[in-house]
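Okay, so here's the structure we're looking at.
For this chain, numbers begin at 1 and follow the sequence in order. Treat the numbers as computed from the prediction; the structure is a model and nothing was measured. Every number for a ligand or one of its atoms is a count from 1 in the order of the listing.
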Amino acid sequence: MSLSLCIFNTETKKRKLRGKKMVGSKDSRWSLHGMTALVTGGTKGIGHAIVEELAGLGASVHTCSRTESELDDCLLEWKAKGLRVTGSVCDVSDGAQRESLLNTVSSEFNGKLNILINNVGTNILKMVSDYTAEDVAFLTSTNFESAYNISVLAYPLLKASAAGSIVFISSIASTMPAYLAPIYGANKGALDQLARYLAYDWAGDNIRVNTVAPAVIKTPLAQRSFEGRKEKIETTICRTPIGRLGEPEEVSAMVAFLCLPAASYVTGQLINVDGGMTTNGIYFPQNKRSNTAVSGETARA
Ligand SMILES: NC(=O)c1ccc[n+]([C@@H]2O[C@H](COP(=O)([O-])OP(=O)(O)OC[C@H]3O[C@@H](n4cnc5c(N)ncnc54)[C@H](OP(=O)(O)O)[C@@H]3O)[C@@H](O)[C@H]2O)c1
């Protein structure tokens, strides 16, 4: 047998083994029991919903945020609900704090991590030429560098689990320009592409890497962006086939699916959770069915 054929056969055997290992009973494919997860930014909005979704499916979850009092309140709330969640204060844009976070996760989960959700992200609403160098550095370290560095720090733990999954929380602003979000959108575009590279690089270690890109979801971050801009909400709803804004649980459900053994053949994908907005349709009057009134002016636009 030629050397190349031999390598091909060995690779094929390895891949067959991997595939077999992931296809279990129906119950095991739709459960996260026995798995460990790190979710960044879990005290509010989408991150909070992801913590509850993963823990509700049986995972032991560690989360972090910068505000200790809010983190403590959330941990109490989760304990009362019977969910297995721990947490640490960490600013993910700070290198030393990231290392300390991953050390905590490693000792808590005995050196093995199944799931990493890079959820933290933020925006500063400005036109492209109005950003300062500090704004750009802050946004890029929070939205992109933190997720990249945490993924690299988590890599040995994900590999050790023999069934790892990373989900990046991006945004539809990574593929469609969004008003007052040029640096945020560019940071998210970089995340999308990083996820594809990691999917290639780490597939051999049984680590899958995917991206979820929400449209406007009702969270404190979105509330800040829409403050005093009623017309922006109306226009957004008008351009959304489903005719309303999204709920955090509608994002966390997709994130959880990607982490389940049921998604064992899904990697390197970007999935929009956007009520259909990225289909980019032109005029569909039935989209006005939401509870939020659409003004006559916007409807005619
Ligand atoms: N909401 C939307 O419409 C929407 C749309 C598309 C994409 N997304 C993306 O979804 C993700 C979550 O957004 P969200 O709307 O849920 O945001 P959010 O309501 O502002 O919540 C952000 C969470 O992350 C924590 N956090 C923020 N900066 C942090 C940092 N440097 N280090 C550690 N924790 C930090 C916050 O707690 P502390 O402030 O206490 O640290 C909070 O728990 C982001 O990546 C965002 O870009 C959101």
Please name the pair of heavy atoms, one in R98 and one in S146, separated by the smallest distance, quoted to 0.1 Å.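 Heavy-atom minimum between the residues: NH1-CA, 3.9 Å.
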
With heavy-atom distances below 4.0 Å as the criterion, list the atoms of ligand 1 near [X].
X    : answer
C90  : 32 (N), 33 (C)
P214 : 5 (C), 6 (C), 7 (C)
V216 : 3 (O)
T67  : 38 (P), 40 (O)
A222 : 1 (N), 3 (O)

In this structure, are over 12 heavy atoms from other groups packed under 6.0 Å from [X] atom [atom1]?
X    : atom1 : result
Y148 : OH    : no
K126 : NZ    : yes
K81  : NZ    : yes
K232 : NZ    : yes

Looking only at protein heavy atoms, which one is nearest to [atom], and what is the separation?
atom                    : value
atom 16 (O) of ligand 1 : I46 N, 2.8 Å
atom 32 (N) of ligand 1 : V92 N, 3.0 Å
atom 35 (C) of ligand 1 : V120 CG2, 3.6 Å
atom 25 (C) of ligand 1 : G41 CA, 3.6 Å
atom 43 (O) of ligand 1 : T43 OG1, 2.6 Å
atom 8 (N) of ligand 1  : Y184 OH, 3.5 Å
atom 14 (P) of ligand 1 : T219 OG1, 3.6 Å
atom 31 (N) of ligand 1 : D91 OD1, 3.0 Å

Side chain or backbone of A213 under 4.0 Å from ligand 1, or both, or neither, by non-hydrogen atoms?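 Neither; nothing of A213 gets under 4.0 Å from ligand 1.
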
Test item: side-chain donor near acceptor, [X] and [Y], under 3.5 Å:
X    : Y    : value
D192 : T211 : no
T40  : N118 : no
T132 : D135 : yes

Could you check if a side-chain atom of [X] sits within less than 4.5 angstrom of a side-chain atom of [Y], using non-hydrogen atoms only?
X    : Y    : answer
L54  : I117 : yes
L125 : R229 : yes
N123 : L180 : no

Return yes when [X] approaches ligand 1 closer than 4.0 angstrom through a heavy atom, no otherwise.
X    : result
K188 : yes
N119 : yes
A215 : yes
S170 : yes
R224 : yes

Would T122 count as a polar contact of ligand 1, with the cut-off being nitrogen or oxygen pairs under 3.5 Å?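 No; the residue has no nitrogen or oxygen that sits under 3.5 Å from a nitrogen or oxygen of the ligand.
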
N or O contact, G45 vs ligand 1, cut-off under 3.5 Å: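 No, G45 has no N/O under 3.5 Å of an N/O on ligand 1.
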
Which atom pairs, donor and acceptor, lie under 3.5 Å between side-chain atoms of residues 68-75 and protein residues at least two apart or in another chain?
residue	atom	partner	partner atom	Å
E70	OE1	K44	NZ	3.1

Mind jotting down which residue pairs meet the salt bridge (charged side-chain N to carboxylate O under 4.0 Å, His left out) criterion with at least one end in residues 246-268? Sequence neighbours excluded, please.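 Counting only pairs at least two positions apart or across chains, the salt bridge (charged side-chain N to carboxylate O under 4.0 Å, His left out) contacts touching residues 246-268 are K218-E247, R244-E250.
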
Taking the side chain from N119 and the backbone from G41, do they hold a donor-acceptor pair closer than 3.5 Å?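 Side chain of N119 to backbone of G41, a donor-acceptor pair under 3.5 Å: yes, one is there.
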
If you measure from atom 18 (P) of ligand 1 to every heavy atom of N272, L221, I50, I169, which option wins on shortest distance?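 It is L221 that holds the nearest heavy atom.
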
Measuring to protein heavy atoms, does anything land under 4.0 Å from atom 22 (C) of ligand 1?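 It does not; no protein heavy atom is within 4.0 Å.
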
